[in-house]
Amino acid sequence: MINPRLVRENPELLRQAWLRRGLEAPVDRLVELDELRRSLISGVEAAKAAKNHASAEVGKLKREGKDASEAIAAIKSRGDEQVEAEAQLAATEKELEDILMGLPNLPQASVPNGRSSEDNVVARSWGEIQEAPAWAKDHLVVGESLKLFDFKRGAKIAGAGFPVYTGWGSRLERALISWFLDEHRAAGFLEVQPPLLVNRASMTGTGNLPKFADQLYTCTEDELYLIPTAEVPVTNLHADEFLDPKELPIRYCSYTPCFRREAGSYGKDTKGFLRLHQFDKVEMVWFSAPESSEAAHETLTAQAESLVRKLGLPYRTLLLCSGDMGFGAAKCYDIEVWAPVEKKWLEVSSCSNFEDFQARRANIRTRGAENKPILVHTLNGSGLATPRILVALLETYQQENGTLKVPEVLRPYLDGLEFLSA
RNA sequence: GGAGAGGUGGCAGAGUGGUCGAUUGCGGUAGACUCGAAAUCUAUUGUAGGGAAACCUACCGGGGGUUCGAAUCCCUCCCUCUCCGCCA
């Protein structure tokens, strides 16, 4: 949630910021509700103050051993004059909150204007894009011949988009996850394994609820939700806490499966690993002092980039335009690797600075100047999501003889083998 | 699942119907002492909302109730701990 004070202090700034994201937000309604709210508050609180004062008088009389029945009768006879105003206030605050909770974060000044992914800016790129040799097969064929996965049986036992990893495929998946985690640990991130089901408050804290309920798998019986990313449980690790400024930054890395309904994306990227309902991802989550979050964002992105570079996969880093950023992001970089057979850039990481957007929802604070409470900044980035990395690896490192060359960094996790074969 | 105990400020921990937003300790901030630091001493210090301010309102796990008045009594839900049962 954005800082609600901005509604009062600078509604134009809000309007313009949301317009940059292609959103005509009901700013006038927000201003109206804020004003209504404040006028109702003064009435309601004055009535409460009067009542409190009268009750205190009763207490005083009783302590003095005097008869208070007259004073009590006077309070009773006054009745509940403010009940209606209180109900109106509650309704006003609810509408205000409902609107604010559904509105996205404000883009940073350095975010380029734009409407869609077409307008994203290539911030940098690495590696030579090679044309695939004529004999090269797409990742599904390579995977099938090496018996790395089994989509058919995954579909049988769960549904489309739930792959089964088999043999070297399973080993490769595990190798990627282990290597990612080891890299992050070496860079100072603390590894954590969180619950894969979380409650409503956690989903609200990161911004997945209420707006994106249709993207979540739900256990209605227990009101729990399957996590779409480790970002949700790991960010909420510190919900309702004060983080000691001396402990900042706090940096976690976490491997979890991710569960996404992908409602509305049917027919898009249906092939193989490009879009799944369940996939593995290692996520980095970073809690920062507000003044260091921009620098942290660069470091976080560089950390994710270092992984694809060490895997030897050509990549590019996009600075997302205002219209293409996720709901909570103030600024976001996407890292895309090149899939030579698919002839596509595939997003394997998204590194976002949420500033205080999530911290406000999840109530994650620290101490600022004069030890005053302030909201922390949260950031996170994939480091990395495995499925599309697997696609790029298969398409890039397949050999003409049908084997798969193993990137050097992964060999320690795969019996030291240079090539995998069926 | 059954029985019992508990959930209070940044932390620890008092408080069982009336100046309790809450004793006290730790921590924080400011000052004194010191060349400096530590120790010690003094003062100050909850969060959020409203208000130009004085000040007011709300908050003692969440929600509801009783009462003129609730941290305190009642109902309900959640969570933690101990014991029992079941099970990986």
Side-chain angles (χ1 to χ4, degrees), chain A residues 1-9 30-101 193-205 209-210 219-225 233 236-248 250 287 289-290 356 359-376:
Chain A
M1 197 168 89
I2 58 123
N3 185 349
R5 284 194 166 269
L6 288 171
V7 171
R8 195 182 321 164
E9 289 167 5
L30 286 173
V31 170
E32 197 176 292
L33 286 167
D34 177 62
E35 280 166 6
L36 178 60
R37 169 176 170 270
R38 284 186 287 150
S39 74
L40 287 167
I41 281 176
S42 51
V44 166
E45 291 194 348
K48 282 185 182 174
K51 197 178 177 190
N52 285 347
H53 186 74
S55 288
E57 285 302 313
V58 172
K60 198 175 160 198
L61 288 173
K62 291 230 174 183
R63 266 197 312 280
E64 288 166 356
K66 293 179 185 157
D67 176 37
S69 51
E70 208 172 299
I72 291 173
I75 297 170
K76 275 186 177 170
S77 71
R78 194 151 34 170
D80 301 315
E81 62 222 22
Q82 85 282 18
V83 162
E84 200 180 308
E86 270 177 30
Q88 206 191 340
L89 175 60
T92 303
E93 290 190 318
K94 185 177 186 305
E95 187 182 348
L96 196 53
E97 166 125 339
D98 285 351
I99 295 175
L100 285 173
M101 289 293 267
Q193 290 205 34
L196 307 180
L197 289 167
V198 300
N199 58 27
R200 164 167 283 274
S202 297
M203 282 297 182
T204 307
L209 286 177
C219 305
T220 46
E221 193 83 349
D222 303 285
E223 225 207 321
L224 291 170
Y225 303 83
N236 281 287
L237 239 32
H238 294 299
D240 297 313
E241 289 184 17
F242 272 93
L243 304 180
D244 187 337
K246 292 193 288 281
E247 309 273 323
L248 294 177
I250 295 174
F287 298 84
D356 63 13
R360 183 171 291 106
R361 289 171 161 247
N363 192 28
I364 309 170
R365 293 176 292 178
T366 183
R367 301 281 180 178
E370 289 168 24
N371 227 33
K372 289 284 177 211
I374 52 168
L375 294 165
V376 303

ask   = Can you check the Asn363(A) CG to G61(B) P distance for me, whole Å?
value = 16 Å

task = Between A48(B), G51(B), G69(B), spot the one nearest the side chain of Ser55(A), thanks.
result = G69(B)

Which residue lies more 5' along RNA chain B, comparing Ala50(A) with Pro373(A) via nearest heavy atoms = Pro373(A)

key: Side chains of Leu224(A) and Asn199(A) in contact at under 4.5 Å (non-hydrogen atoms)   = yes

task = Rounded to whole angstrom, note down the C1' distance from C77(B) over to A88(B).
result = 29 Å

inquiry  = Please check: side-chain N/O of Thr92(A) versus main-chain N/O of Leu33(A), any donor-acceptor pairing under 3.5 Å?
reply    = no

message = I'd like the C1' distance from U67(B) over to G9(B), given in whole Å.
response = 27 Å

ask   = Hey, does Lys48(A) have a side-chain heavy atom less than 4.5 Å from the side chain of Glu86(A)?
value = yes

request  = Look at the side chain of Arg37(A) and decide which nucleotide, out of U47(B), C68(B), G49(B), has an atom nearest to it.
outcome  = G49(B)

query = When all nucleic acid strands are considered with a 4.0 Å heavy-atom cut-off, which category describes Ala49(A): base, sugar-phosphate, or nothing?
reply = sugar-phosphate

Under-4.0 Å side-chain N/O to phosphate OP1/OP2 contact, Arg38(A) with G51(B) = yes

note = Rounded to whole Å, the CG-C1' distance (Asn3(A) to G49(B)) equals 13 Å

message = Does C68(B) have its OP1 or OP2 closer than 4.0 Å to a side-chain nitrogen or oxygen of Lys76(A)?
response = yes

query = To the side chain of Val58(A), which of U57(B), G18(B), U47(B) is closest?
reply = G18(B)

query = On a whole-Å scale, what distance lies between the P atoms belonging to G17(B) and U72(B)?
reply = 11 Å

query = Arg365(A) has an atom CZ; how far is it from atom C1' of G28(B), in whole Å?
reply = 15 Å

inquiry  = Could you tell me how far A43(B) sits from U16(B) if I compare only their P atoms? Round to whole Å.
reply    = 28 Å

query = For atom P, what is the distance between C26(B) and G13(B), given to the nearest Å?
reply = 15 Å

ask   = Are Lys51(A) and C68(B) close enough that a side-chain N or O sits under 4.0 Å from OP1 or OP2?
value = no

inquiry  = Say we look at A38(B) and G27(B): how far apart would their P atoms be, to the nearest angstrom?
reply    = 12 Å

task = Identify whether any heavy atom of Lys62(A) sits under 4.0 Å from a base atom; if not, whether one sits that close to sugar-phosphate; answer base, sugar-phosphate or nothing.
result = base

request  = Begin with the C-alpha distance, continue with both residues' side-chain angles, and end with the deciding distance and a verdict on salt bridge (Lys or Arg N to Asp or Glu O under 4.0 Å) for Glu370(A) and Lys372(A).
outcome  = CA-CA 5 Å; Glu370(A) 289 168 24; Lys372(A) 289 284 177 211; 5.6 Å; no

query = C81(B) pairs with which nucleotide, Watson-Crick or G-U wobble, both distances below 3.5 Å?
reply = G4(B)

Base partner of U57(B), which must satisfy Watson-Crick or wobble distances under 3.5 Å = A48(B)

ask   = Short question: side chain of Ser55(A), backbone of Asn52(A) - any donor-acceptor pair under 3.5 Å?
value = no

query = Could you state the CG-P distance from Asn52(A) to G17(B), rounded to the nearest angstrom?
reply = 20 Å

remark   = Nearest heavy-atom contact between Leu375(A) and Ala359(A) is CD2-O, 3.6 Å

ask   = Got a donor-acceptor pair under 3.5 Å from the side chain of Glu45(A) to the base of G49(B)?
value = yes

ask   = So what's C20(B) paired with, Watson-Crick or G-U wobble, going by both distances under 3.5 Å?
value = none

message = Just to be sure I understand the rule, does Arg8(A) reach a base, reach only the sugar-phosphate, or reach nothing, if contact means heavy atoms closer than 4.0 Å?
response = sugar-phosphate

request  = Select base, sugar-phosphate, or nothing to describe what Asp244(A) touches, counting heavy atoms under 4.0 Å on all strands.
outcome  = nothing

message = Please give the distance between the P atoms of G25(B) and U42(B) as a whole number of Å.
response = 10 Å

remark   = Checking N1-N3 plus N6-O4 or O6-N4 for Watson-Crick, or N1-O2 and O6-N3 for wobble, each under 3.5 Å, the partner of A43(B) is U29(B)

request  = May I ask you to decide if Thr204(A)'s main-chain N or O and Arg361(A)'s side chain share a donor-acceptor pair within less than 3.5 Å?
outcome  = yes

ask   = Ile374(A) has an atom CD1; how far is it from atom P of G10(B), in whole Å?
value = 15 Å

message = Side-chain N or O of Arg367(A) versus OP1/OP2 of G46(B): is the shortest distance under 4.0 Å?
response = no

ask   = G9(B) pairs with which nucleotide, Watson-Crick or G-U wobble, both distances below 3.5 Å?
value = none

Shortest non-hydrogen separation from Thr366(A) to Leu243(A) and the atoms involved = OG1-O, 2.6 Å

ask   = Quick one: which of G18(B), C68(B), G49(B) gets closest to the side chain of Ile72(A)?
value = C68(B)

For atom CG of Leu375(A) and atom P of G10(B), their distance in whole Å = 14 Å

ask   = Within this structure, what is the CG-to-P distance between Asp34(A) and G51(B), rounded to whole angstrom?
value = 8 Å

request  = May I have the distance from Arg5(A) (atom CZ) to A48(B) (atom C1'), rounded to whole angstrom?
outcome  = 10 Å

inquiry  = Suppose you measure atom C1' in A12(B) against the same atom in U19(B); what distance do you get, rounded to whole Å?
reply    = 27 Å

